[in-house]
Asks: 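The following block contains the structure, expressed as structure tokens.
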Amino acid sequence: MALYEKYPVSISNSLSGNKELFVPAKAPFVGLYSCGPTVYNEVHLGNLRTFTSFDVVFRYLTHIGYKVRYVRNITDAGHLTNDAGVGVDRIEESAKLEQLEPMEIVQKYTTSFHDVCRIFNVLPPSIEPTATGHIVEQIDMVKKILSNGYAYEVNGSVYFDVRKYNETHHYGELSGRNIDELLEGTRELDRQDEKRNAIDFAIWKAVSPNHIQRWNSPWGEGIPGWHLECSAMGTKYLGDQFDIHGGGMDLKFPHHECEIAQNVGALGKSPVRYWMHTNMLTVNGEKMSKSKGNSFLPRELFAGSHPLLAKAYSPMAVRFFMLQSHYSSTLDFSNEALSAAEKGFKKLSNALTTIKSLNHPGNGNDDATLAADLKRMVGECYQTMSDDFNTAKTLAVLFEMSSRINDFKSGNLKFAAVSASTFEEFKNTYIAMMEDVLGIKDEESHNQELMDGVINVLIGLRKKARTDKNFALSDKIRDELKALGVQLMDGKDGEMNYTIE
RNA sequence: GGUCUCAUGGCCGAGUGGCUAGGCAGAGCUCUGCAAAAGCUCCUACAGCGGUUCGAAUCCGCUUGAGACCUCCA
């Protein structure tokens, strides 16, 4: 019996607004798509929260036995800022500012994005397609939408006819918009537009000859519409209809709404069975966003080099911080909260190191109460994760487990009171939840082995000093290491451990 | 203006009708040469006012406050 059968997953589906039992179309295969970054500058912490959320979804579904194909795109084609055509192409604008070729910009920030992902232990997706690599597919999709009568061409641009679409379908089903209200709200802005209605959106946009990024198409030179790439690439790699599509809440409208319309318009089928939307990271109660200027970069975070930051925070502490809240809640950033998270993370991390070194001697029988307790925690890890990926609850269980781990270490709990198999299950679950599912790993420091060797030499000296009752010297060794950020800890048996701040 | 969401103890945050998470901070105890780490104990909250119910943080209404989307954003 696969874990996913034992602990069935439920997901809050943005489309229905309800928490639903997750039943993949073709179990054990799962198609998962999430909107990746537009690589025209560096991703900020808010972006990272979303990527981390879906990283955990990917990790957990995989862990419980699903064969997940996870597609996360890179947006590297220019997107016009607004439909009126007076906006700027963000990638091209960056290129001009930095005096680089557009693809240089793309390359630079894609690399930067990957670096950040690696540092935050966000796994690479199964497929990471780029918009520029799928121009053909996008043009093909425009053709289909045109031939199905849901789009029209004007001066080399192709627009999706929302009103026409809405006659037979429901534009706004995902975001709860009412098309009449949308039309009303935008009527006054509707000048000498090429579009029939203000809510129509471009699926192919003609550009002027001096535009650097442009591609040939049946309608002339231009660029694909803003929403088209996800439709085209999601369909290509996951099929006409796939299981989960995720992204930040701010993409719900219009991006995801348009995506649905495009897919239905081209293929006659709603593309996604379960929509998931992550909530925003806020700073002092306000959404962190590039336009508000209250965002900071991951790099600034672990360097502590931003005015909002009181100090530097480690990547794993920040990851832990994010996982302490549910993905669908806003999470407010503050130095206090991050400092608290730092300590909590360290506690779990220490327990992880500890349990890896604990091995059951093999001779023990289950004490009914203790064994039931340990098994309960194992089950709760899975139940809470299967309950809409409730990492906050899972972490609460892991804290409880970490207390028991320390009990085994200190001898408060005896190995004799638990069978080897029960202990192994407990141990394996803790390690798997931490490392495989939540992606919380030990912080790596440079020259780890060398450091370890050097500190062990000093530990040897301190042991000698203590044996000789030369406490002045033993304290000096400990205090001076402490000043450097290395904390020595004496065990009952005379052994010493250390942690690095 | 339209649509919608949220308001939890000193702080951060789970929670969707009864079993009153968890972390951080604080107090105390145990262990320890002293520390650190760890274990145990204590601190019991749900914006306000009504209502439904045997019973509400959880459902409904109103009030107040905050925020999001409607324009690029994860």
Side-chain angles (χ1 to χ4, degrees), chain A residues 19 34-38 40 43-54 79-84 87-90 172 175-178 181-182 184-186 189 199 226 246-255 277-282 285-292 295 320-321 324-348 350-351 354 380 384 387 390-400 402-407 409-413 466 469 471 474-475 478-479 482 487-492 496-499:
Chain A
K19 197 187 278 185
S34 84
C35 292
T38 302
Y40 66 108
V43 296
H44 64 70
L45 201 63
N47 302 71
L48 203 56
R49 187 196 186 197
T50 296
F51 302 137
T52 303
S53 296
F54 289 106
H79 286 181
L80 294 172
T81 318
N82 64 43
D83 261 353
V88 287
D89 180 314
R90 289 182 286 157
S175 56
R177 304 292 149 130
N178 179 316
E181 286 168 0
L182 287 170
E184 237 173 83
T186 50
L189 301 172
I199 51 169
W226 337 341
M249 274 185 73
D250 46 0
L251 294 183
K252 205 171 181 181
F253 186 90
H255 184 61
H277 287 97
T278 59
N279 217 315
M280 301 294 103
L281 191 65
T282 61
E286 284 202 325
K287 175 184 170 183
M288 177 181 281
S289 70
K290 286 167 183 168
S291 53
K292 286 193 174 171
S295 65
F320 170 86
F321 168 67
Q324 261 193 314
S325 73
H326 192 248
Y327 72 84
S328 65
S329 302
T330 56
L331 175 61
D332 196 54
F333 162 83
S334 68
N335 283 290
E336 294 75 14
L338 271 180
S339 293
E342 211 166 36
K343 293 182 183 170
F345 158 70
K346 195 172 177 186
K347 197 183 229 178
L348 290 185
N350 287 345
T354 299
E380 280 183 1
T384 54
D387 182 11
N390 198 325
T391 54
K393 270 184 163 178
T394 307
L395 283 171
V397 181
L398 290 177
F399 273 108
E400 198 183 348
S402 76
S403 289
R404 299 293 80 77
I405 288 167
N406 288 317
D407 279 333
K409 184 194 181 189
S410 67
N412 285 348
L413 289 175
R466 291 186 76 213
K469 303 274 184 205
F471 294 124
S474 69
D475 285 354
R478 185 177 60 198
D479 294 345
K482 168 79 176 168
Q487 174 70 58
L488 295 189
M489 293 171 291
D490 300 340
K492 277 182 183 169
M496 290 176 204
N497 295 309
Y498 70 90
T499 61

Asks: With both distances under 3.5 Å as the test, what is the Watson-Crick or G-U wobble partner of B/rG67?
Replies: B/rC4
Asks: How does protein contact run along nucleotides 39-48 of chain B, one letter per nucleotide 5' to 3', with B for base contact, S for sugar-phosphate only, - for none, heavy atoms under 4.0 Å?
Replies: SS--------
Asks: Under 4.0 Å from OP1 or OP2 of B/rA74: is there any side-chain N or O of A/Ser53 that close?
Replies: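 No, outside the criterion.
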Asks: For B/rC4 and B/rC60, measure between their P atoms and round to the nearest Å.
Replies: 14 Å
Asks: What closest approach, in Å, do A/Arg49 and A/Asn279 show between heavy atoms, and which atom pair accounts for it?
Replies: NH1-O, 3.2 Å
Asks: Return the nearest nucleotide to the side chain of A/Ser474; candidates are B/rA36, B/rG13, B/rG33.
Replies: B/rG33
Asks: Looking only at atom P, what distance separates B/rA37 and B/rA25, rounded to whole Å?
Replies: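 Approximately 9 Å lies between the P atom of B/rA37 and that of B/rA25.
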Asks: Assign A/Gly36 to base, sugar-phosphate, or nothing according to its heavy-atom contacts below 4.0 angstrom with the strands shown.
Replies: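 The answer is sugar-phosphate, as A/Gly36 gets under 4.0 Å only of primed atoms, P, OP1 or OP2.
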Asks: Measuring from the side chain of A/His326 (C-beta onward, heavy atoms only), which nucleotide among B/rC34, B/rC11, B/rA14 has the closest atom?
Replies: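 Comparing B/rC34, B/rC11, B/rA14 against the side chain of A/His326, the answer is B/rA14.
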Asks: A/Arg177 side chain: which of B/rA68, B/rG2, B/rG33 is closest?
Replies: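 So the nucleotide nearest the side chain must be B/rG2.
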Asks: Just checking A/Thr384: base, sugar-phosphate only, or nothing, at a heavy-atom cut-off of under 4.0 Å?
Replies: nothing
Asks: B/rG23 P sits how many Å from A/Leu348 CG, rounded?
Replies: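 Answer to the nearest Å: 9 Å.
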Asks: For A/Lys482 and A/Phe321, take the nucleotide of RNA chain B holding the closest heavy atom to each; which residue's nucleotide lies nearer the 5' end?
Replies: A/Phe321
Asks: I'd like to check the side chain to side chain contact (heavy atoms under 4.5 Å, CB included) partners of A/Ser334; sequence neighbours left out, ordered by chain and number.
Replies: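 Applying side chain to side chain contact (heavy atoms under 4.5 Å, CB included) to A/Ser334 gives A/Glu336, A/Ala337.
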Asks: With sequence neighbours left out, what residues match A/His326 under ring-ring contact (aromatic ring centres under 6.0 Å, His included)?
Replies: none
Asks: Can you name the ring-ring contact (aromatic ring centres under 6.0 Å, His included) partners of A/Phe54, sequence neighbours left out?
Replies: none
Asks: Should the side chain of A/Asp475 and the base of B/rG33 be counted as holding a donor-acceptor pair, with the cut-off at 3.5 Å?
Replies: yes
Asks: Going by the rule ring-ring contact (aromatic ring centres under 6.0 Å, His included), which residues pair with A/Phe51 if we only count those two or more places apart in sequence or in a different chain?
Replies: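 By the ring-ring contact (aromatic ring centres under 6.0 Å, His included) rule, A/Phe51 matches A/Phe113.
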Asks: Mind checking whether A/Phe333 and A/Phe321 have parallel, tilted or perpendicular rings, split at 30° and 60°?
Replies: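 Ring orientation, 0 to 90° scale: perpendicular.
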Asks: Which whole number of Å gives the distance between the P atom of B/rA35 and that of B/rC29?
Replies: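 Nearest-Å result for B/rA35 against B/rC29 at atom P: 12 Å.
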Asks: For B/rA7 and B/rG61, measure between their P atoms and round to the nearest Å.
Replies: 16 Å
Asks: The side chain of A/Asp490 lies closest to which of these nucleotides: B/rA35, B/rA14, B/rC69?
Replies: B/rA35
Asks: Within less than 4.0 Å of OP1 or OP2 of B/rA25, is there a side-chain N or O belonging to A/Lys343?
Replies: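 So the side-chain polar atoms of A/Lys343 do come within 4.0 Å of the phosphate oxygens OP1 or OP2 of B/rA25, strictly under.
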Asks: Test for a donor-acceptor pair under 3.5 Å between the base of B/rC73 and the side chain of A/Arg90, counting only N and O atoms.
Replies: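 Counting by modelled atom types and ignoring angles, no donor-acceptor contact under 3.5 Å is found here.
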Asks: Sticking with atom C1', work out how far B/rU52 lies from B/rG39, rounded to a whole angstrom.
Replies: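 Those two atoms are separated by 46 Å.
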Asks: N/O contacts under 3.5 Å, protein versus nucleotides 27-29 of chain B?
Replies:
none

Asks: Measuring from A/Ile199:CD1 to A/Arg177:CZ, what's the distance to the nearest 0.5 Å?
Replies: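 Result: 12.0 Å between the selected atoms.
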Asks: On a whole-Å scale, what distance lies between the P atoms belonging to B/rC49 and B/rU8?
Replies: 16 Å
Asks: Considering heavy-atom distances to RNA chain B, does A/Arg49 or A/Ala396 have its closest nucleotide positioned more toward the 5' end?
Replies: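 It is A/Ala396 whose nearest nucleotide is closer to the 5' end.
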Asks: Over all strands shown, is A/His255 touching base, sugar-phosphate only, or nothing at heavy-atom distances under 4.0 angstrom?
Replies: nothing
Asks: Look at the side chain of A/Asn390 and decide which nucleotide, out of B/rC70, B/rA14, B/rC34, has an atom nearest to it.
Replies: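 The answer is B/rA14.
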Asks: When the P atoms of B/rU20 and B/rC43 are considered, how many whole Å apart are they?
Replies: 14 Å
Asks: Could you measure between the two C1' atoms, the one in B/rG9 and the one in B/rA57, and give it in whole Å?
Replies: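 My reading of the C1' atoms in B/rG9 and B/rA57 gives 12 Å.
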Asks: Looking across every strand, which nucleic acid part, if any, lies under 4.0 Å from A/Lys292 by heavy atom: base, sugar-phosphate, or nothing?
Replies: sugar-phosphate
Asks: Given B/rG13, B/rA37, B/rC73, identify the nucleotide with an atom nearest to the side chain of A/Lys287.
Replies: B/rC73
